[in-house]
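Quantities reported herein were computed from a predicted structural model and do not represent experimental measurements. One is the number of the first residue; the rest follow in order along the sequence. Atoms within a ligand are numbered from 1 in the order they appear, just like the ligands themselves.
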Amino acid sequence: MEDLYKKLMAYGETDAYPFHMPGHKRKNMGDMNPYQIDITEIDGFDNMNDPNEIIRDLMERLGKLYGRKYAYLLVNGSTAGNLSSVFATTSQSDSVLVARDSHKSVYNATFLRQLHVDYLYPNMEGRPYAGPVKSEDVEAALCRNPEIKAVVITSPSYEGIVSPVDEIARVCHRYHAALIVDAAHGAHFGMHPELPGLPEEADLIVMSLHKTLPSFTSTGVVLWKEDGLVKREQLEEYLHIFQTSSPSYILMAGISRCVSFLETEGREYFQKYVDNMKGFYNACGNLKHLELLQEKGQDLSKVVIYAKPESTLDGKQLTGEMIMEFLRKEHHLELEMAQFNYALAMTSIMDEAEDLKRLELALKDLDARCQEMSTEGVSLKDLDALVSHIMKPKEKVMEIYEARALPSEEVALHDAENRVSAAMISLYPPGIPVVVPGERIDRETISYLEDAMKIGLTVNGLGNHGKNLKVC
Ligand SMILES: Cc1ncc(COP(=O)(O)O)c(C=O)c1O
């Protein structure tokens, strides 16, 4: 039987390079022996759940980086930040407005809090992924239901799409609704003029430090707006509930190391990184068959690799999984995720020019071979249908908590048409639900899930190895 520890140690010795999170890119940030610093709340080392000394100082230093008085530490990821934020802004049975491209932790929060959920479906506008949330859509939803107490949006998205958060916040506040921004992928925002700025008007901003900055997996922050709609004590109460009572000093040391690094060397590293990224995009500008999808305002750290539909052979397009596998097998580059027709490479300030050069050369190699490879791909027509299904509104029959409270049974996925789902089903990554409990399953969704699995994407939430679905 394989041993995880040994396997990780051996993998660390290979030439495989991570274009995925965490943002430290497995590069050493100091001579740290994790055993030596793994303590509990002993004298002199403060307590994250009641911080008064050294951890309070760390919160202040972290807050200063983001222009806030202090920032709350997360050691259970943005997942805990989202759960706490939804609880801090609502009471049981309240109404909330949730962008449909939210992470599953947001849906789980609405389930646990027994909320009535209205959805905002971000428009795709020709992209193979969700576009920004529009303030007029938020306003229309709040106008329809003035009882909404909180609005949750994701900005930036996994692909680096940024919504007009401050504009949306002003709309929310006119309707007395708090705005929670899941900025799990935006902890590096505002750290260089050519990166998107940090919003100022949102009541709560949840960020994963580990996704885009050199910090250990599971670390993050919540930024609380001092003159916003959320009471600080309420946020703190739920952070204490949703986070562990034994916060890891290894993780907190990692946050402290990351903050020191940003305080002292951040400016220089970000400048070098932005220059390197511009060089990388320039060098990839003349790819013939591949395209790196980057639009104005999109976060440049996310490299979205897409095979141009007009460059494919036999009406077939390279899938994201094929792109990801080629880069892994032929160039030992591991990407963050694959979707139907694109793959995503995550970069960070820890990527150096030579690391980006590896990606550039690998993409040039793929560019030379992708037309012939596309004959093994999936028909453009099928891919188009799959891609456009992602943000199609589903019929909501009941709330998530109501569906989960009902007796349920497993049926074959193929026979689940017209039944109401008792399961949350998502492609992982990114972990955005395709179906949530309480929604009716239609034939298109069944085909979508079957095709996703055929293409090799991981579908979470089905039973019996993807063959069954729990319905109520
Ligand atoms: C948009 C978004 N929000 C929240 C999360 C959860 O973050 P964490 O892994 O830090 O708990 C993720 C994870 O991928 C995410 O993509």
Atom 15 (C) of ligand 1: nearest protein contact (heavy atom, Å): His103 CD2, 3.6 Å

For atom 13 (C) of ligand 1, the protein heavy atom that lies nearest, with its residue and separation: Lys211 NZ, 2.9 Å

Distance-only polar pair, side chains of Asn108 and Ser105, donor-acceptor under 3.5 Å: no

Basic-acidic side-chain contact under 4.0 Å: Lys454, Asp451: yes

Close N or O approach (Ser208, ligand 1; < 3.5 Å): yes

Atom 11 (O) of ligand 1: the protein heavy-atom neighbour that sits closest, reported with distance to 0.1 Å: Thr79 OG1, 2.6 Å

Basic-acidic side-chain contact under 4.0 Å: Lys392, Asp442: no

Option from Glu336, Glu321, Glu334 for which salt bridge (Lys or Arg N to Asp or Glu O under 4.0 Å) with Arg328 holds: Glu334

Nearest neighbour in protein (non-hydrogen) for atom 8 (P) of ligand 1: Ser78 N, 3.4 Å

Passing candidate, side chain to side chain contact (heavy atoms under 4.5 Å, CB included) with Tyr342, options Met337, Met324, Gln317: Met337

For atom 16 (O) of ligand 1, the protein heavy atom that lies nearest, with its residue and separation: His185 NE2, 2.9 Å

Protein heavy atom at shortest distance from atom 1 (C) of ligand 1: Asp182 OD2, 3.5 Å

Ligand 1 atoms in contact with Thr154 (distance to a heavy atom under 4.0 Å): 1 (C)

Side-chain donor-acceptor pair present, Asp50, His240, cut-off under 3.5 Å: no

Verdict with reasoning, Asp351 to Lys25, per salt bridge (Lys or Arg N to Asp or Glu O under 4.0 Å): CA-CA 7 Å; Asp351 293 315; Lys25 299 300 183 105; 3.0 Å; yes

Under 3.5 Å: N/O of Tyr158 near N/O of ligand 1: no

